[in-house]
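These notes concern the structure reproduced below.
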2 protein chains.
Amino acid sequence: MEGSWASVCTSLKLQIRTVKQVRRREVIRTGTTVEQMVRAIADMIVTGTMLPGEKLDEASLAARFDVSRTPVREALRQLGAMGLVEREPNRSAVVTNVTGSYLHSMFEAMAELEAICARLSAERMTIDERRALEFEHRCSMKLVHAGAEEDYAAHNTEFHTRLYRGAHNDHVFEMVTQTRARLAPFRRAQFRLPGRLSRSYEEHERIVTAIMRADSAAAGQAAYSHVAIVSDASAVFAVTNEA
Amino acid sequence: MEGSWASVCTSLKLQIRTVKQVRRREVIRTGTTVEQMVRAIADMIVTGTMLPGEKLDEASLAARFDVSRTPVREALRQLGAMGLVEREPNRSAVVTNVTGSYLHSMFEAMAELEAICARLSAERMTIDERRALEFEHRCSMKLVHAGAEEDYAAHNTEFHTRLYRGAHNDHVFEMVTQTRARLAPFRRAQFRLPGRLSRSYEEHERIVTAIMRADSAAAGQAAYSHVAIVSDASAVFAVTNEA
DNA sequence: GACACGAAAAGTGTATGCAATGTGCGTGCC
DNA sequence: GGCACGCACATTGCATACACTTTTCGTGTC
């Protein structure tokens, strides 16, 4: 499905085409110009290269990507529908800067969605999926001891993605992935809080244990409280981003 | 937020501008041309005027709405991001026709989302909201006795919308509203099944009772099974729409 | 008669131009 | 000195034109 967050988030590489053939368009395997721009801009927002509130001027983007304004406009429209940028008539698009109240509702929704995924994963994961999740989790232990925040963040993303896929429900996967992307700009600093790494590891431990036991209720509760704690950890950081 | 399903779904009136001033654009209070088209096309899909699999030719739409292809393309891109149409490069957009497996995942997700809304509503609804929900529910009794399928369907939409709003969580509201819109084409005939009206009423009764008692667990369970039954009722109809 | 090749037609992708709306600054009046 | 009006500039909204891709239909050959 077009604009699926699965594709946007799994391709974390910036894909800006810097040179363009004058009359002969190079065949790019990644799709049309618009799709490339959607991915590129989404990445910039999700990774924090562009901060909430920042303006996205059509002409500047067109110049930057070396295309005309038409595909830029379509990309911005799609990003708007995805919730990553906000647009109103005759105004520049701006990177979405949600209110504190809406941010809270997204974290709460995220907790519910993670709980759903954990419950369903506990019931439905194949043996291989369970083993892979546990292995991924065990591997992260050394990152905790080393205090490798960046690496742990990458592991954390992978861990949760496995949880989402394990639910074996494509629509839930779409919703949770999209919600995570929209929350990304607001929780970047969570692992820099002292002791957050080891607490995160312990929380993952509870989730993994419950899933290995196929205890869906326990898995759901563990996942819910895990996100709730992340929400608290991000709260301080979030307010600093209010425009 | 642009493309929010709240706006699309609450404005159920078709808003096609049939005549256009030659050089002087009439001031339309409903927003830009693209937004009007998004609403209009979304309505056609959700209400069943356009069936899943139907092609959306850009030139034809442009002629039909008396605009150029540029706004049509932007509208189609937004509808694509919303999941109502599917697009691939150099192909016409088509009304989304999901696979049976994805349809199942959407119904399952819908049940989870409704359960969340019911739980949160049981905890958070104001006195007025509770009373309004109960009143709305009581009013529908006579529609059941009269067998007024169309009117009951409208009531049903209103009832569920109150449930979604009562959760007091904007992001959950967005997700559940968008999911409902995408499911709409596949459950149109649910109330034509014999006895469905009175069963629906009884299921609503259980939800309302639990919410009035602030029994969130019971409300969640009642809402979940309510949707699960709708899913079964729609299953027969859905397969007839497979391309 | 069937299959392969090719040209035309249909339709999407992108660029560019112009109109309209919003913004900011400067000037004049109170 | 402050506020209001207005003009110029910046930027978006939409239309049109053209390039490219895909499909389809016709023709010729095997």
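Letters A, B, ... mirror the listed sequences (proteins, then strands); counts begin at 1.
For the pair B:L61 CG and C:dT12 C1', the interatomic distance rounds to 13 Å; values are reported in whole Å. The interatomic distance linking B:K55 (NZ) with C:dA10 (P) rounds to 13 Å, in whole Å. If you measure from atom CD of B:E74 to atom C1' of C:dA15, you get 14 Å, rounded to the nearest angstrom.
Residues passing the salt bridge (Lys or Arg N to Asp or Glu O under 4.0 Å) test with B:E108 are A:R124, sequence neighbours excluded.
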For nucleotides 10-12 of chain D, print each protein N/O atom paired with a nucleotide N/O atom at under 3.5 Å, atom names and distance only.
residue : atom : partner : partner atom : Å
D:dT12  : OP1  : A:D57   : OD1          : 3.4
D:dT12  : OP1  : A:E58   : N            : 3.3
D:dT12  : OP1  : A:S92   : OG           : 3.0
D:dT12  : OP2  : A:D57   : OD1          : 3.2
D:dT12  : O3'  : A:N90   : N            : 3.3

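Identified under the salt bridge (Lys or Arg N to Asp or Glu O under 4.0 Å) test for residues 93-102 of chain B, with sequence neighbours left out: none.
Side-chain contact check for A:S140 and A:H155: at least one donor-acceptor pair (N or O, by modelled atom type) lies under 3.5 Å. No side-chain donor-acceptor contact under 3.5 Å links B:Y164 and B:S121.
The closest donor-acceptor contact from the side chain of B:S105 to the backbone of A:N169 lies at 3.5 Å or more, if one exists at all.
Using a 4.5 Å cut-off on side-chain heavy atoms (C-beta onward), B:E174 and B:Q178 make no contact.
Applying the 4.0 Å criterion to OP1 and OP2 of C:dT14, one finds that A:T70 has every side-chain N and O outside that range.
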